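Before any comments, here is the structure.
Since we're looking at a predicted model, the values are computed, not measured. Note on naming: letters A, B, ... go to the chains in the order of the sequence lines (proteins, then strands), and numbering restarts at 1 for each one.
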Protein chains: 2
Amino acid sequence: MTDNLQQSFKALADPSRREILMHLSKQDMTIKEVSEHFDMTRAAVKKHLTILQQGNLINIQKNGRERINSLKPEGLQTITEWMDYFNKFWDQKLNNLQTAVANYTEKDDVKNK
Amino acid sequence: MTDNLQQSFKALADPSRREILMHLSKQDMTIKEVSEHFDMTRAAVKKHLTILQQGNLINIQKNGRERINSLKPEGLQTITEWMDYFNKFWDQKLNNLQTAVANYTEKDDVKNK
DNA sequence: TTGACAAGATACCAAAAGGTATCATATATT
DNA sequence: AATATATGATACCTTTTGGTATCTTGTCAA
């Protein structure tokens, strides 16, 4: 199977799935309840929920004949960590730019001396 | 056209594209140079680069007959902001948990009094 | 126990995605 | 000017994806 990072990114790549996460951030919901917010069949919603689960973004807990879907932080954490690499990169690039500007200013000062 | 957030998420959903970003984080590269790191045709790589560009994740700058591809922070920033919503949610949930634990401990203290 | 109701499981379909092959165009290089 | 190089643009193919329809299973309630 593909790795966790890939499954998490894949899960977030669909707008319906991100919308499901938004709903679940307000309250835990059964599959049926999630379905009522969408213009698609319960089967389709359930597929999305399964993909979100595989992406470690939600937890599906059995409760009688219902399945309670709730947000789960692991998947988002995985992605956050991946992005930290690039954020660090950009911070550095920004620092380099600031250094360059500072150097330019210094030269400018010398010129004007 | 679909919105920026969607294009950024879509762009990051493919492992080859994330790998391209990793390469570009080390140095800017032409399309040909990027292609040399992969076992696929230049045409396929170029398609990936176009999708990354649409996701606001890279910049493609013309230089003679070459195209210099470089990282661009906008797309990542868009995604980071989207995730902040959920991170905030999780922080709160964690706080609630900590509060619950604290309360439990207090009751426990009372019991033992 | 006998319907309702929530969910699981498949089979199937159209569209999108990832890839190749191929030809055209623009720019260097000699 | 002629050739080589870097890229653009398409047509085409296969697999994946998002969706429906349909049937089955598990559970609640009368």
Q: Indicate, with a heavy-atom threshold strictly under 4.0 Å, whether A:K46 touches base, sugar-phosphate, or nothing.
A: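 It contacts sugar-phosphate atoms only.
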
With the side chain of [X] defined as its heavy atoms from C-beta on, choose the nearest nucleotide among [options].
X     : options                : result
A:K47 : D:dT20, C:dT20, C:dG18 : D:dT20
A:I31 : C:dT20, C:dG8, C:dG19  : C:dG8
A:R65 : C:dA7, D:dT27, D:dA21  : D:dT27
A:E66 : C:dA21, C:dA7, D:dA6   : C:dA7
B:R42 : D:dT20, D:dA9, C:dA7   : D:dA9
B:S16 : C:dG19, D:dG18, C:dA9  : C:dG19

Nucleotide [N], atom [atom2] - distance to [atom1] of [X] in whole Å:
X     : N      : atom1 : atom2 : answer
B:N69 : D:dA6  : CG    : P     : 14 Å
A:D14 : C:dA17 : CG    : P     : 11 Å
A:L12 : D:dG18 : CG    : C1'   : 17 Å
B:N63 : D:dA6  : CG    : P     : 13 Å
B:M40 : D:dT15 : CE    : P     : 17 Å
B:K32 : C:dA28 : NZ    : P     : 15 Å
A:K62 : C:dA7  : NZ    : P     : 12 Å
A:L49 : D:dG19 : CG    : C1'   : 15 Å

Can a side chain N or O of [X] be found less than 4.0 Å away from OP1 or OP2 on [N]?
X     : N      : value
B:H48 : C:dG19 : yes
B:K10 : C:dA17 : yes
B:T41 : C:dT20 : yes

Q: Output the distance between atom CZ (B:F9) and atom CG (B:D3), rounded to the nearest 0.5 Å.
A: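 Taking CZ in B:F9 and CG in B:D3, the distance rounds to 10.5 Å.
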
Q) Sub-3.5 Å donor-acceptor pair from the side chain of A:Q54 to the main-chain atoms of A:N4, do we have one? A)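 Judged by distance alone, no pair lies under 3.5 Å.
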
Q. Is the side chain of A:N69 donor-acceptor paired with the backbone N or O of A:M29 at a distance under 3.5 Å, no angle test?
A.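 Here the side-chain-to-backbone pair exists.
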
Q) Linking I/L/V/M/F/W/Y whenever any side-chain heavy atoms sit under 4.5 Å apart, do B:I51 and B:I20 land together? A)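 No, B:I51 and B:I20 fall in different hydrophobic clusters.
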
Q. Taking the nucleotide of DNA chain D with the closest heavy atom to each, which residue, B:A43 or A:A44, is nearer the 5' end?
A.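 Nearest nucleotide further toward 5': that of B:A43.
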
Q) Considering heavy-atom distances to DNA chain D, does B:R67 or A:A13 have its closest nucleotide positioned more toward the 5' end? A)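 By nearest-heavy-atom nucleotide position, the 5'-most residue is B:R67.
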
Q | Within-4.5 Å side-chain heavy-atom neighbours: A:F38 and A:H23 | A |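 Yes - at least one pair of side-chain heavy atoms lies under 4.5 Å apart.
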
